[in-house]
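Predicted, not measured: the structure shown is a model, and the values here were computed from it. What's counted below: heavy atoms across the whole structure, side chains too, no hydrogens, waters or symmetry copies.
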Amino acid sequence: VIATCLWFISNKFLLKPTIRDQDVEWGFCFDVHLNAFIPILVILHWVQLFVYHAIIEREMFVATLLGNSMWLIALSYYIYITFLGYSSLNMLTRTHYFLAPMTVLALFYILTLCLNWNLSNSLMYFYKYRVL
């Protein structure tokens with residue numbers, strides 16, 4: 001779904017005006033998505049696994065800071081790797097727009113820290129009570 005949305009956006013809005021006989025292939029967009037998803041998978045499903053019960057599930061600010069920082073790092077990696085993938089194509093212009101969600105992400109991170117809202121705990125509660 002994400003790869004298809006980015007494929008549509010890149011072909012509709014980001015192609016250089018002089019290049020209309022070429023387009024961005026959907027396979028390239030899917031490849032960029034998979035490459036950008038690997039850090040999310042490693043950070044949130046492997047690294048976090050080892051520190052969740054030891055630190056993150058506690059009701060402390062340090063736990064919220066660590067858990068939310070892992071989310072920030074993982075999602076920032078996704079956004080940046082997506083930007084790098086699309087900026088490697090010479091037929092696209094204004095690829096810096098892919099970095100725009102970083103601002104919203106940083107503001108959301110600060111908001112979650114101010115509210116002491118642990119995103120990792122929220123996701124674990126979701127899995128425990130709604131999925132299982």
Side-chain angles (χ1 to χ4, degrees):
V1 173
I2 294 173
T4 304
C5 290
L6 293 178
W7 169 77
F8 177 77
I9 289 169
S10 62
N11 281 324
K12 186 77 172 170
F13 303 111
L14 300 180
L15 279 178
K16 289 183 179 176
T18 58
I19 301 176
R20 285 296 167 195
D21 57 336
Q22 295 178 345
D23 64 345
V24 178
E25 294 180 5
W26 184 86
F28 176 81
C29 298
F30 187 66
D31 185 48
V32 168
H33 168 69
L34 290 180
N35 290 335
F37 188 72
I38 295 296
I40 289 178
L41 191 66
V42 170
I43 292 169
L44 296 180
H45 290 95
W46 192 75
V47 174
Q48 193 176 48
L49 179 69
F50 294 109
V51 296
Y52 180 76
H53 290 294
I55 300 170
I56 296 176
E57 74 175 347
R58 311 254 187 255
E59 292 294 329
M60 302 181 304
F61 180 75
V62 174
T64 302
L65 179 69
L66 179 65
N68 291 0
S69 295
M70 290 179 122
W71 279 90
L72 176 71
I73 291 167
L75 294 175
S76 296
Y77 264 122
Y78 182 86
I79 292 168
Y80 186 65
I81 291 172
T82 301
F83 161 74
L84 289 178
Y86 286 96
S87 65
S88 69
L89 295 177
N90 291 333
M91 69 176 92
L92 295 181
T93 183
R94 301 181 308 261
T95 55
H96 61 277
Y97 289 169
F98 286 110
L99 294 175
M102 293 284 268
T103 306
V104 175
L105 187 63
L107 292 174
F108 185 71
Y109 174 72
I110 293 168
L111 177 70
T112 59
L113 290 181
C114 290
L115 296 174
N116 201 21
W117 176 21
N118 194 330
L119 297 173
S120 299
N121 274 344
S122 297
L123 185 69
M124 289 304 238
Y125 291 146
F126 173 77
Y127 282 147
K128 184 175 181 180
Y129 296 113
R130 300 201 90 224
V131 175
L132 300 176

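Using a distance-only test at 3.5 Å, with no hydrogens or angles considered, no donor-acceptor pair links the side chain of Asp31 to the main chain of Gly27. The main-chain N or O of Val24 is found under 3.5 Å from a side-chain atom of Trp7 such that the two form a donor-acceptor pair. Here the side chain of Arg94 pairs no donor or acceptor atom with the backbone of Leu15 at under 3.5 angstrom. Remark: the backbone N or O of Trp117 is paired with a side-chain donor or acceptor of Asn68 at under 3.5 angstrom.
Inter-residue side-chain proximity for Val1 and Thr4 is flagged as unmet; no heavy-atom pair is nearer than 4.5 Å. His33 places a side-chain heavy atom less than 4.5 Å from the side chain of Tyr78. Using a 4.5 Å heavy-atom threshold, the side chains of Ser87 and Leu92 count as separate. Residues Met91 and Lys16 fail the side-chain proximity criterion, which asks for heavy atoms closer than 4.5 Å. Two residues are said to be in side-chain contact when any heavy atoms from C-beta on lie closer than 4.5 Å; Leu41 and Trp46 fail this criterion. Contact annotation: the side chain of Phe98 approaches that of Leu14 to within less than 4.5 Å [non-hydrogen atoms, C-beta and beyond]. Taking 4.5 Å as the limit, some side-chain heavy atom of Leu113 sits within range of a side-chain heavy atom of Leu65.
No chain of hydrophobic side-chain contacts below 4.5 Å, direct or via other Ile, Leu, Val, Met, Phe, Trp or Tyr residues, connects Val104 to Leu115. Note on Leu123: it does not cluster hydrophobically with Leu49, by side-chain heavy-atom contacts below 4.5 Å among ILVMFWY residues. One hydrophobic cluster, built from ILVMFWY side chains closer than 4.5 Å, cannot hold both Leu107 and Met102; they sit in different ones.
To the nearest 0.5 Å, atoms CD1 (Ile40) and NE2 (His45) are separated by 9.5 Å. Rounded to the nearest 0.5 Å, atoms CG (Asn121) and OG1 (Thr64) are 7.0 Å apart. Remark: Phe28 CZ to Ser10 OG distance equals 8.5 Å, nearest 0.5 Å. Rounding to the nearest 0.5 Å places CE of Met70 at 5.5 Å from CD of Gln48. Note that the CG atom of Leu99 and the CZ atom of Phe83 stand 4.5 Å from one another [nearest 0.5 Å]. Phe61 CZ to Asn116 CG: the interatomic distance, rounded to the nearest 0.5 Å, is 6.5 Å.
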* Verify side chain to side chain contact (heavy atoms under 4.5 Å, CB included) between Trp71 and Asn118, making sure each step is shown before the conclusion. => CA-CA 10 Å; Trp71 279 90; Asn118 194 330; over 6 Å; no

* To do: May I have the step-by-step check of side chain to side chain contact (heavy atoms under 4.5 Å, CB included) for Ile43 and Tyr77, ending in yes or no?
  => CA-CA 10 Å; Ile43 292 169; Tyr77 264 122; 3.9 Å; yes

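The aromatic rings of Trp26 and Phe30 sit parallel to each other, their planes meeting at less than 30°, with 60° as the upper class boundary.
Remark: Tyr109 OH is packed, more than 12 non-hydrogen atoms of other residues, nucleotides or ligands lying under 6.0 Å away.
A pairwise comparison of heavy atoms in Ile79 and Pro101 identifies CD1-CB, 3.8 Å as the closest pair.
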